[in-house]
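What follows is a set of notes on a single structure, which appears directly below.
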Amino acid sequence: MKKLHRALRRRKLTVAAAESCTGGLLASVLTAHGGSSEYFRGGAVVYSNEAKTILADVAPDLIHGHGAVSSVVAGALARGARERLGAKIGLGITGIAGPGGATPGKPVGLAYVAIDSDRHSAVRKLQWPFDREGNRLASVGVALELLEDLTG
């Protein structure tokens, strides 16, 4: 994390996040080091569908058409966070951390992690085998990997 912290500060990149199943864990990790205010613009915990729409500008028809846990919504969360907070990079996470919440075709541990910038946008689909906390931590880890790949 220290390497990422230094890279973001050195390159004067800014980051914003919209996270659902991780409940603010990504923001907590990104702000763990002093000086993180130089690059972290802020984040939103968008647990409900309404919060996704109000705080991250995710169109309700995307949620209804694809489901809150989908690659389309993850990408929209990343884009919405970036645009809402005027950051150069947006991160979005949505998933089913467990132990409940599974639906047909969307099991516990399913997560989508997205990154969005002017240069690059990507969404990763993941299926974690862990408990709730493990699923949340693993999803944050992927968001950090995406951020490292973009800044490295």
From [atom1] ([X]) to [atom2] ([Y]), nearest 0.5 Å:
| X | Y | atom1 | atom2 | answer |
| --- | --- | --- | --- | --- |
| R10 | K3 | CZ | NZ | 9.0 Å |
| L110 | S139 | CG | OG | 9.0 Å |
| T22 | E133 | OG1 | CD | 10.5 Å |

Would a 4.5 Å heavy-atom cut-off, applied to side chains only, mark [X] and [Y] as touching?
| X | Y | answer |
| --- | --- | --- |
| L8 | T14 | no |
| R84 | L55 | no |
| V15 | R41 | no |
| V46 | E19 | no |
| R79 | V58 | no |

Do the side chains of [X] and [Y] join up, straight or via other hydrophobic residues, at under 4.5 Å, putting them in one cluster?
| X | Y | result |
| --- | --- | --- |
| L150 | L146 | yes |
| V69 | L126 | no |
| W128 | L144 | yes |
| V140 | M1 | yes |
| V142 | L137 | yes |

Q: Would you mind checking if D149 and R124 are paired as a salt bridge, meaning a charged N to carboxylate O distance below 4.0 Å?
A: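 Salt bridge: yes.
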
Quick check: closest heavy atoms across [X] and [Y], and the distance to 0.1 Å?
| X | Y | value |
| --- | --- | --- |
| L85 | A16 | CD1-CB, 3.6 Å |
| P107 | Q127 | CG-OE1, 3.2 Å |
| A74 | Y112 | CB-CB, 3.6 Å |
| C21 | R136 | O-NE, 3.3 Å |
| G67 | V73 | O-CG2, 3.3 Å |
| L26 | A17 | CD2-CB, 3.9 Å |

Residues 87-96, side-chain donor-acceptor partners within the protein, below 3.5 Å, at least two apart:
unit_1: K88; atom_1: NZ; unit_2: K12; atom_2: O; d: 3.4
unit_1: T94; atom_1: OG1; unit_2: A68; atom_2: O; d: 2.8

Looking only at atom types and distance, does a side-chain atom of [X] sit under 3.5 Å from a main-chain N or O of [Y], one as donor and one as acceptor?
| X | Y | answer |
| --- | --- | --- |
| S28 | G24 | no |
| R132 | G98 | yes |
| N135 | F130 | yes |
| S48 | A51 | yes |
| Y39 | L30 | yes |
| K125 | S71 | no |
| H5 | G34 | yes |

Q) Have S20 and K52 got a donor and an acceptor in their side chains that come within less than 3.5 Å? A)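 Yes, because at least one side-chain N or O of S20 sits under 3.5 Å from a partner of the opposite role on K52.
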
Q | Stepwise salt bridge (charged side-chain N to carboxylate O under 4.0 Å, His left out) test for R82 and D57 | A | CA-CA 10 Å; R82 179 170 77 102; D57 283 335; over 6 Å; no

